[in-house]
Amino acid sequence: MNPVIETVWVAIWLMLPAYITNASAAFFGGKTPIDRGVLWRKNRLLGNGKTYEGLLTGFSCGFCAGIFQQLLGYIKMPSFGPFPSFLLTLFCLSAGAMLGDLLGSFIKRRAGLKRGAPLPLVDQLDFVGGAWLLLFLFAREWFIDTFSAEIIITVVIITPLLHLLTNYIGFKMGRKGVPW
Ligand code: CTP
Ligand code: MG
C-alpha cells in the first residue's frame, strides 16, 4: 500500500472510537443539559448542546465500536493493546473525546460564543485533545508506542476535514442546525 494512504488509514483506525463517540453524541443528541442551565458570568457553563444523553450514547457507541475493531484482530491493523488493558485504551479514547468536547464548549461559552457558534480548530479538534490527554495520563505506554509523530500530524490534518464532512452530512439529515 502507498505509505501515505497507509498512514491515513492507520490514523483513522486508531481514532475511530473517538470519531464515533463524537458523531454519535451529535447524531442521537439529547434533552438534559449537563450544566442544568447554570450560568457563569452571564453565560451558560456549557450550553444546551452538551447533554447527558449525548454523553452516554456517544461514549457507549465509541467504546463498543472499539471493542468491535479489537475483535477484528485478524485484519492487519494496530491493536488497542492486550487484554485487559485495551479496555482502558478504549475508555480513554471515548471518555476523553466527550471530555474534550465539554472543554471545547466551556471555552466557547467563556469567550461569549453561543451554542453552535463556530470556533475553528476548537470545534474540530477539542475531542481529539481530550482523547489524547486521557491516553497520555492513563494509557501512556500504548499511546507513545502507537502514536508516532507521523500519525499525530496526520490526525491533526485529517480530523478537521472528516469533521466538516460528517457535520455537513448531519446538517443535511436535519440532525444539526448548522453545517459546522
Ligand atoms: N450533543 C449532546 N451532548 C453532548 C455532545 C453533543 O447532546 N455531550 C449533541 C447536541 O445536540 C449538539 C450536537 O451534539 O448540538 C453537536 O455537538 P457540538 O457541535 O459539539 O455542539 P454545538 O451545538 O455546536 O454547541 P457548542 O457551541 O457548545 O459546541
Ligand atoms: Mg463541539
Side-chain angles (χ1 to χ4, degrees), residues 11-12 14-69 87-138 147 152-180:
I12 293 177
L14 291 172
M15 290 306 289
L16 203 57
Y19 290 160
I20 291 185
T21 296
N22 205 47
S24 317
F27 184 80
F28 294 107
K31 288 201 197 81
T32 324
I34 295 167
D35 69 6
R36 306 214 169 239
V38 167
L39 302 178
W40 187 26
R41 298 188 183 167
K42 294 189 185 144
N43 288 311
R44 288 284 295 275
L45 204 57
L46 299 169
N48 285 340
K50 303 297 115 160
T51 68
Y52 280 111
E53 295 89 340
L55 196 74
L56 285 178
T57 47
F59 173 79
S60 319
C61 292
F63 191 82
C64 291
I67 301 268
F68 186 70
Q69 283 175 267
L87 294 167
L88 181 60
T89 308
L90 294 178
F91 176 86
C92 292
L93 277 163
S94 6
M98 287 286 79
L99 178 72
D101 185 48
L102 292 181
L103 284 175
S105 294
F106 181 79
I107 290 168
K108 285 170 77 175
R109 301 301 90 83
R110 304 288 71 72
L113 294 169
K114 298 282 173 242
R115 172 197 179 174
L119 185 56
L121 295 183
V122 171
D123 280 334
Q124 290 83 32
L125 290 170
D126 53 6
F127 75 99
V128 171
W132 286 351
L133 176 70
L134 289 200
L135 286 172
F136 185 75
L137 291 176
F138 304 113
F147 277 77
I152 298 233
I153 292 164
T154 307
V155 170
V156 170
I157 295 170
I158 62 171
T159 304
L161 301 175
L162 287 172
H163 197 264
L164 288 173
L165 180 73
T166 48
N167 278 1
Y168 185 72
I169 295 170
F171 172 68
K172 283 284 171 196
M173 285 169 74
R175 290 271 166 184
K176 233 181 120 53
V178 288
W180 49 82

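Both ligands and their constituent atoms are indexed starting at 1 by order of listing. Since the structure is predicted, the reported quantities are computational estimates derived from the model, not experimental observations.
Put simply, the side chain of Asp123 gets close to the backbone of Leu119: a donor and an acceptor are under 3.5 Å apart. When atom types are taken as modelled, the side chain of Asp35 and the backbone of Gly47 share a donor-acceptor pair closer than 3.5 angstrom. A donor-acceptor pair is defined here as one N or O able to donate and one able to accept, closer than 3.5 Å; no such pair exists between the side chain of Gln124 and the backbone of Leu164. Formation of a donor-acceptor pair under 3.5 Å by the Arg110 side chain with backbone atoms of Ser105 is not found in this model.
Minimum heavy-atom separation, Tyr52 to Pro33: CE1-O, 4.0 Å. Across Ile157 and Pro160, no two heavy atoms sit closer than the pair O-CD, 3.4 Å. Residues Leu88 and Phe138 come closest through the heavy atom pair CD2-O, 3.1 Å. Leu135 approaches Cys92 most closely through the heavy-atom pair CD2-CB, 3.5 Å.
Because the distance cut-off is set at 2.8 Å, Asp123 fails to qualify as a neighbour of the Mg ion (ligand 2), as none of its N, O or S atoms comes that close.
Numbered from 1 in the order shown, with element, the atoms of ligand 1 that lie under 4.0 Å from a heavy atom of Asp101 read 5 (C), 20 (O). Within ligand 1, the atoms closer than 4.0 Å to a non-hydrogen atom of Gly30 are 7 (O), numbered from 1 in the order shown.
The atom name of the N/O/S atom in Asp101 closest to the Mg ion (ligand 2) is OD1.
Contact annotation for Lys108 and ligand 1: only side-chain heavy atoms (C-beta onward) come within less than 4.0 Å of the ligand. Heavy atoms of Arg109 found under 4.0 angstrom from ligand 1 belong exclusively to the side chain.
Here the protein heavy atom with the shortest distance to atom 18 (P) of ligand 1 is Lys50 NZ, 3.5 Å. Atom 8 (N) of ligand 1 has Thr51 O, 3.4 Å as its closest protein atom, hydrogens excluded (heavy atom only). Regarding atom 16 (C) of ligand 1, its nearest protein heavy-atom neighbour is Lys176 NZ, 3.7 Å. Nearest protein heavy-atom contact of atom 9 (C) of ligand 1 is Ala25 O, 3.4 Å. With respect to atom 14 (O) of ligand 1, the closest heavy atom belonging to the protein is Ala26 CA, 3.0 Å.
Of the candidates Gly49, Ser105, Gly54, the one placing a heavy atom closest to atom 6 (C) of ligand 1 is Gly49. The option with the heavy atom closest to atom 23 (O) of ligand 1, from among Arg44, Lys31, Arg115, is Arg115.
Inter-residue side-chain proximity for Leu125 and Thr159 is flagged as met; some heavy-atom pair is nearer than 4.5 Å.
Below 3.5 Å of separation, one finds an N or O of Gly116 facing an N or O of ligand 1.
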